[in-house]
Peer 1: 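Handing you this structure, nothing more for now.
Just so it is clear, the model here is predicted, and its values are computed rather than measured. Whatever order the structure lists ligands and atoms in, that order sets their numbers, starting from 1.
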Amino acid sequence: MKLFLDTANVAQVAEVAEWGVLDGVTTNPSLVAKEGKDFKKTVLEMCKHVPCVSAQVTATDFAGMKKQGEEYASWHKHVVVKVPMTTEGLKALKFFRSKGIKTNTTLIFSLPQAILAAKAGANIISPFIGRLDDAGEDGMALIGEIMQAWCQYDFDCEVLVASTRHPRHIADAAMLGAHICTVPYDVFKKLPMHPLTDSGLKKFLADWEKVKK
Ligand code: G3P
C-alpha cells in the first residue's frame, strides 16, 4: 500500500519523506489556504521530495478545469491533477486521460461515483471516509464496497483512502486492499508509535548498561 501525506506544508513533507516510506502528497484548497503560501512554489517544492503530488483545480466548468489542469501538469511531471466528482469533472477526467495527464478524483462519497470516475479515466479516486463517519455513515464500509467492485472489473484506477482520522483507518484500509492511504501529519506521526516499543527499548537499553564492556 502506498502512503501519502495530506498536507500543503512543505516542511512536513520533507520530514516524513526522510523516513523512506512516503509515496506522495495530497493537497486541497483548504490545506493550501491554511498554509498561506504560494501554491505553485509549494507544489514544486513538494515534487522534490515525492513522485506524486495532487494539485486541485478550483474551476467548476470543463473549460476552466482543462486550462488549470494543463497548467498544473506543465509545472512538473510529478503533478497529479485533482478534479472534483461532478459531471464537468467527468468530462475533464476523460480529456486529461486522452492527453496522458494523471488525475485524482476528489470528494467521492458513493460506489456509483467511484465507478463513474474510473470509467471516465481517473488514475486515482479519493473516497472521503472521515467525512462519511462525521455524517453518521460508515466510511470504511464504502472502501469495502469499492474494493469488492474493483475485484470484479479491470479498472486502471487506484483507490486512495482520504479523510483519514486515526491509525486504525490506515490498518483497516490495508486489510481491504486499498492501493493508497493519504494521512494527515498528526496521524502520520502516530504510525511508528507503540507504548510497548517504547518500554521494550527502555528495558533493552537499561539491561545493556549491566553488560560488562
Ligand atoms: O485531502 C482530502 C481529504 O483527505 C480531506 O480530509 O480531514 O478534510 O475530511 P478532511
Peer 1: For the 3.5 Å polar cut-off, considering only N or O atoms, please tell me whether Thr26 and ligand 1 meet it.
Peer 2: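 Such a contact does not occur with ligand 1.
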
Peer 1: At a 4.0 Å cut-off, with the gap strictly under it, does some heavy atom of Gln56 reach an atom of ligand 1?
Peer 2: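 Contact check Gln56 vs ligand 1: negative.
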
Peer 1: Could you tell me whether the side chain of Leu107 reaches within less than 4.5 Å of the side chain of Arg131, counting heavy atoms only?
Peer 2: yes

Peer 1: Considering only non-hydrogen protein atoms, determine which one is nearest to atom 4 (O) of ligand 1 and report residue, atom name and distance to 0.1 Å.
Peer 2: Asp6 OD2, 2.6 Å

Peer 1: What is the nearest protein non-hydrogen atom to atom 8 (O) of ligand 1, stated with its residue, atom name and distance?
Peer 2: Arg131 NH2, 2.7 Å

Peer 1: Apply the test side-chain contact (heavy atoms from CB on, under 4.5 Å) to residues Thr58 and Gln68: give CA-CA distance (whole Å), side-chain angles for both, the deciding distance (0.1 Å), then the verdict.
Peer 2: CA-CA 8 Å; Thr58 50; Gln68 271 187 325; 2.8 Å; yes

Peer 1: Can you see whether Asn28 engages Gln56 through a side-chain donor-acceptor pair at a distance of less than 3.5 angstrom?
Peer 2: no

Peer 1: Can you see which heavy atom on Ala14 is nearest to which on His49, and at what distance?
Peer 2: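 Between these two residues, the closest heavy atoms are CB-CE1, 3.6 Å.
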
Peer 1: To which of Ser163, Pro184, Ser54 does the heavy atom nearest atom 6 (O) of ligand 1 belong?
Peer 2: Ser163

Peer 1: For atom 2 (C) of ligand 1, find the nearest protein heavy atom and state the residue, atom name and distance (0.1 Å precision).
Peer 2: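 For atom 2 (C) of ligand 1, the nearest protein heavy atom is Phe128 CZ, 3.3 Å.
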
Peer 1: Nearest heavy-atom pair of Val187 and Ile170: which atoms, and what distance?
Peer 2: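 Closest approach of Val187 to Ile170: CG1-CD1, 4.2 Å.
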
Peer 1: Going by side chain to side chain donor-acceptor pair (under 3.5 Å), Asn9 matches just one of Lys34, Glu15, Glu35. Which one?
Peer 2: Glu35

Peer 1: For atom 10 (P) of ligand 1, grab the closest protein heavy atom and report residue, atom and distance to one decimal in Å.
Peer 2: Arg165 NH1, 3.4 Å

Peer 1: Would you say Thr182 and ligand 1 have an N/O pair spaced under 3.5 Å apart?
Peer 2: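 There is no such contact.
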
